[in-house]
Amino acid sequence: MSQINKIAVIGAGNMGSGIAQKIAQEGLSVVLVDIKEEFVERGINIIRQTLKEAVERKILSSEQVHDILSHIIGTCDFEMVADADLVIEAVFEDKQVKFDLFEKLDRICSEKTILATNTSSFYVHEFAQKTSRPDRFVGLHYFYHPAKNRLLEVIPHEKTSAETLEKSLLVAKLHAKTAIVVKDAPGFAVNRFFVPFLNEAARMLEEGAADIATLEEAAKQAFKIGMGPFELMNVTGIPIAVHSSTTLRNELGPFYATADIIKAQMEKNENWDLSGDVDESKIPAARDRFYGVCLGVAAALVDEGVASIEDTDRGAKIGLRWLMGPFEIMNKIGIAKTYEVVEAITRKYPDFKMPKVLAKQNEIGQPFAFNYVDLEIKGAIAYITINRPEAMNALNETVVAQLTRRFEEAEKNPDVRTIVLQGAGKAFVAGADIKYFVDKIKADKIADIAEFTRKGHELFLKIENSEKLTIALLDGLSLGGGSELALACQAVIATPAGSMGFPETGIGIFPGLGGMPRLARHVGPELAKYYVFTGSPISADDAHKLGIVTRLVAPAEVASAINELASKGKADKYRQREIPEQFKPLAQLCSSENVTRLLAGKLPEGVPDELAAKIAKFIGYKAPLALKIANEIIDDQVGKSMTEAVEIELGRLSDIFSTADALEGLSSFGRKKPEYKGS
Ligand SMILES: NC(=O)c1ccc[n+]([C@@H]2O[C@H](COP(=O)([O-])OP(=O)(O)OC[C@H]3O[C@@H](n4cnc5c(N)ncnc54)[C@H](O)[C@@H]3O)[C@@H](O)[C@H]2O)c1
């Protein structure tokens, strides 16, 4: 697959400027086009302003802003996009304007150029048909603010080629978007239930079911969101709500028709007045109406094959910032209750029918089961994707069980010679679910943690010893169990965004999925101890220098690196190697004498003072017992087979999880600084 070198965005308005900003922010060059110089300038100024705010909030430095702006070329010259690999249209939501634009782009652009529309309310195929390249045409639907909201709906229409879809997903990845693939259907996935959510709020107001303040509160409670439907309409513009519901109504029927009260508010050209007291007694009924509509529509879109249940949930969580997706909410409130609230909606609006997927689930009487691990086989290469980007692909019992099944499936397939493991979205795998550990410790079920860990080890050993070549694609952050998964693979391909890290001793435990012996085999026990004791991240570059990463490549070169390793076949990942000079002082910090000193609270010797002070400070934040046990395990594992090393780790698992410090460290995570007692 050819590289993505040049991206262009047409329309420097609210969306276009934000899309260009995000592309530039991820280090790619972008051309931003509008019809007049002043509009281009306005777009660039919107970007400058957003970046200025990011500097004020210390999210970006002035140097980074300078660098980002240097990646953006603003112009009115359409010829500048002629050789782009991808052109993203973000002009007015006006069919004729878009028709004319795509005809023009089709004329100007080279054969290879993919054209994309960011339309919110029209079909993608309508615009594709206006070009001579429907196979190289796709929908890319961003969410406001496109530089901040990670969700991207990728919408192939009937004639979009597989290669175009693949390139679109690559572009999504290159500018750090979480892509969900959605059918070319009215409202795509997210607006399909979001717009009726706004509309139903207005209908309830119209009927006098509750006032605005109460409806706002009911919605906030139902979906655990910061803004209710009326505030959201105030922020995004009431005309947009009217426009989107009109389109849905025209395509899908009267259930979606705009509430009169919204049209009236638009005509008044006023925002909704959010003031007033909440009437608690009316909240349960309002909440059920919100659930009935949103959950019912979410189920309907899944019935129609618009998106999977997992992607629908992802859309809500990432795009709308709901705490849970519609299907997770259905499981939480119960399928029977969901059926009941949706049935009430079908009675109220006869053209809205009970979705089959919900009726079936109600019959079975079981919650929905989610798929978090995907397997795709392309020729001799199997791609296993941990697809839980909303939780940075964290490992839990379900994910490990599904990963095991997918891996076994790929292994059994005689056509497959290489298995690539990757994470969806920005991260590879950010460790294991910490809440799982906390819940198990509190429930006095440490045996379950041991069982979960044993299963993880079994899978990782299979990955390490597979007859097929196993490759980790480390193109984002990995921590703990995620880094251990990457280490278990026979080869690692990383991009500069990839990293490893072992923060466990900081949260009262030790890396429990074979990270210690595998790291020690790569770089020796001293350096392994350094990373385990300090939790210092190992950048992709460092991991490459240390020989842990097999290939370090730019994001756009990942596919060719996979093919290259696949064609070469297996190599000995633990081959003998010399540790580069720059890492030797770090190993020296954790020589056996220095470890004894460090664990006794003394400074290490034979290293520069500054380094000695730094490690002592780092180690001061860690759980002392976790350090002690990790040290003993790494020593015990030297010279043992990997299976024996794993048993050594498993043998110490209940020792560590039954400490008070483990509970303190794990339950403080993300909330407060843990206070370790050494017990
Ligand atoms: N605003 C949102 O929340 C949102 C979300 C997702 C998608 N969208 C879609 O994004 C698109 C743009 O929306 P927006 O809110 O950024 O609009 P906007 O009015 O802020 O910006 C549109 C820009 O396009 C320019 N433009 C118009 N015709 C052009 C042409 N022929 N060539 C080049 N530039 C042209 C205008 O000068 C203007 O700068 C619409 O299709 C909209 O439906 C909007």
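Both counts, for ligands and for their atoms, begin at 1 and track the order of listing.
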Peer 1: Is Glu41 paired with Lys36 through a side-chain N to carboxylate O contact shorter than 4.0 Å?
Peer 2: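 Judged by the 4.0 Å cut-off on N to carboxylate O distance, Lys36 and Glu41 do not form a salt bridge.
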Peer 1: Determine, using heavy atoms of Ile35 and all atoms of ligand 1, whether some pair is separated by less than 4.0 Å.
Peer 2: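 The answer is yes, since Ile35 has a heavy atom less than 4.0 Å from ligand 1.
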Peer 1: Between Ile155 and Lys183, is any pair of side-chain heavy atoms under 4.5 Å apart?
Peer 2: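 No. Closest side-chain heavy atoms not under 4.5 Å.
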Peer 1: Just heavy atoms, cut-off under 4.0 Å: does Phe143 contact ligand 1 by side chain, backbone, both, or neither?
Peer 2: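 No part of Phe143 is near ligand 1 at this cut-off.
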Peer 1: Among all protein heavy atoms, pick out the one at the shortest distance from atom 21 (O) of ligand 1; state its residue, atom name and that distance to 0.1 Å.
Peer 2: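 I find the closest protein heavy atom is Gly13 CA, 3.2 Å.
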Peer 1: Would you mind checking which non-hydrogen protein atom is closest to atom 3 (O) of ligand 1, with the distance to 0.1 Å?
Peer 2: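 Heavy-atom neighbour on the protein nearest atom 3 (O) of ligand 1: Tyr144 CB, 3.6 Å.
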Peer 1: Would you mind running through ligand 1 and noting each atom that sits below 4.0 Å from a heavy atom of Phe39?
Peer 2: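 It comes down to these atoms of ligand 1: 37 (O).
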Peer 1: Do NZ/NE/NH1/NH2 and the carboxylate oxygens of Lys282 and Glu217 come within less than 4.0 Å?
Peer 2: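 Not counted as a salt bridge, because no side-chain N and carboxylate O are separated by less than 4.0 Å.
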Peer 1: Which of these, Thr178, Asp311, Asp374, sits in a side chain to side chain donor-acceptor pair (under 3.5 Å) with Asn387?
Peer 2: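 Of the listed options, the one satisfying the test is Asp374.
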Peer 1: Counting heavy atoms only, which part of Lys98 comes closer than 4.0 Å to ligand 1: side chain, backbone, both or neither?
Peer 2: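 Side chain only.
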Peer 1: For Ala90, take its heavy atoms, then give the atoms of ligand 1 lying under 4.0 Å from any of them.
Peer 2: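 Matching atoms, with element in brackets: 11 (C), 12 (C), 22 (C), 24 (O).
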Peer 1: Salt-bridged, Lys177 to Glu26, with N to O below 4.0 Å?
Peer 2: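 No.
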Peer 1: Just need the protein heavy atom nearest to atom 33 (C) of ligand 1, so name the residue and atom and give the distance.
Peer 2: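 Result: Ile10 CG2, 3.5 Å.
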Peer 1: Between His125 and Phe127, is the ring centroid distance below 6.0 Å?
Peer 2: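 No, the ring of His125 stays outside the 6.0 Å limit from the ring of Phe127, centre to centre.
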Peer 1: Would one find an N or O of Asn14, backbone or side chain, under 3.5 Å from an N or O of ligand 1?
Peer 2: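 Between Asn14 and ligand 1, an N or O pair is found under 3.5 Å apart.
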Peer 1: For atom 8 (N) of ligand 1, what's the nearest protein heavy atom and its distance?
Peer 2: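 Going by distance alone, atom 8 (N) of ligand 1 is nearest to Ser120 OG, 3.2 Å.
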Peer 1: Show your working on salt bridge (charged side-chain N to carboxylate O under 4.0 Å, His left out) between Glu200 and Arg203 and close with a plain yes or no.
Peer 2: CA-CA 5 Å; Glu200 200 62 14; Arg203 284 175 175 168; 3.2 Å; yes
Peer 1: Which residue supplies the protein heavy atom nearest to atom 5 (C) of ligand 1, what is that atom called, and how far is it?
Peer 2: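 Going by distance alone, atom 5 (C) of ligand 1 is nearest to Met15 CE, 3.4 Å.
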Peer 1: Please state which protein non-hydrogen atom is closest to atom 29 (C) of ligand 1 and give its distance, to 0.1 Å?
Peer 2: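 Answer for atom 29 (C) of ligand 1: Val91 CG1, 3.5 Å.
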Peer 1: Would you please indicate if the ring centroids of Phe194 and Phe188 are separated by under 6.0 Å?
Peer 2: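 No; Phe188 has its ring centre 6.0 Å or more from that of Phe194.
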Peer 1: Do Asp211 and Thr214 have a side chain donor and acceptor closer than 3.5 Å?
Peer 2: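 On atom types as modelled, these side chains qualify, holding a pair under 3.5 Å.
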Peer 1: Below 4.0 angstrom from a heavy atom of Phe78, which ligand 1 atoms are there? Numbered from 1 as shown, please.
Peer 2: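 Those qualifying, in numeric order: 32 (N), 33 (C).
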Peer 1: Taking NZ, NE, NH1 and NH2 as the nitrogens, is one of them in Glu37 or Arg42 under 4.0 Å from a carboxylate oxygen of the other?
Peer 2: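 Salt bridge between Glu37 and Arg42, a charged N being under 4.0 Å from a carboxylate O: no.
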Peer 1: Under 4.0 Å and counting heavy atoms only, is there anything from the protein next to atom 19 (O) of ligand 1?
Peer 2: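 For atom 19 (O) of ligand 1 the answer is yes, since some protein heavy atom falls inside 4.0 Å.
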Peer 1: Is Phe188 touching ligand 1 with its side chain, its backbone, both, or neither, if touching means heavy atoms under 4.0 Å apart?
Peer 2: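 The answer is neither.
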Peer 1: Considering only non-hydrogen protein atoms, determine which one is nearest to atom 6 (C) of ligand 1 and report residue, atom name and distance to 0.1 Å.
Peer 2: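 Minimum-distance protein heavy atom for atom 6 (C) of ligand 1 reads Tyr142 O, 3.1 Å.
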Peer 1: Just distances here: any N/O of His141 and N/O of ligand 1 closer than 3.5 Å?
Peer 2: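 No, no N or O pair falls under 3.5 Å.
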Peer 1: Judged on heavy-atom distance to atom 9 (C) of ligand 1, which of Asn118, Val190, Val33 sits nearest?
Peer 2: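 Of the listed residues, Asn118 has the closest heavy atom.
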Peer 1: For ligand 1, which atoms sit closer than 4.0 Å to a heavy atom of Arg42?
Peer 2: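 By the 4.0 Å cutoff, the relevant atoms are 38 (C), 39 (O).
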Peer 1: State whether the side chain of Tyr291 and the backbone N or O of Ala222 hold a donor-acceptor pair below 3.5 Å, judged by distance alone.
Peer 2: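 Indeed, once roles are kept as given, a pair shorter than 3.5 Å links the two residues.
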Peer 1: Quick test of your reading of the model: are Arg192 and Glu304 salt-bridged, counting only N-O distances below 4.0 Å?
Peer 2: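 Looking at Glu304 together with Arg192, the answer is yes, because their closest N to O distance falls below 4.0 Å.
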Peer 1: Applying a strict 4.0 Å limit to heavy atoms, is Lys36 in contact with ligand 1?
Peer 2: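 Checking ligand 1 against Lys36, which is what was asked, there is no heavy-atom contact under 4.0 Å.
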Peer 1: Backbone N or O of Val341 within a donor-acceptor pair of the Asp288 side chain at under 3.5 Å?
Peer 2: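 Absent.
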Peer 1: Compare Val97, Thr117, Asp34 and give the one whose heavy atom is closest to atom 34 (N) of ligand 1.
Peer 2: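 The option holding the nearest heavy atom is Asp34.
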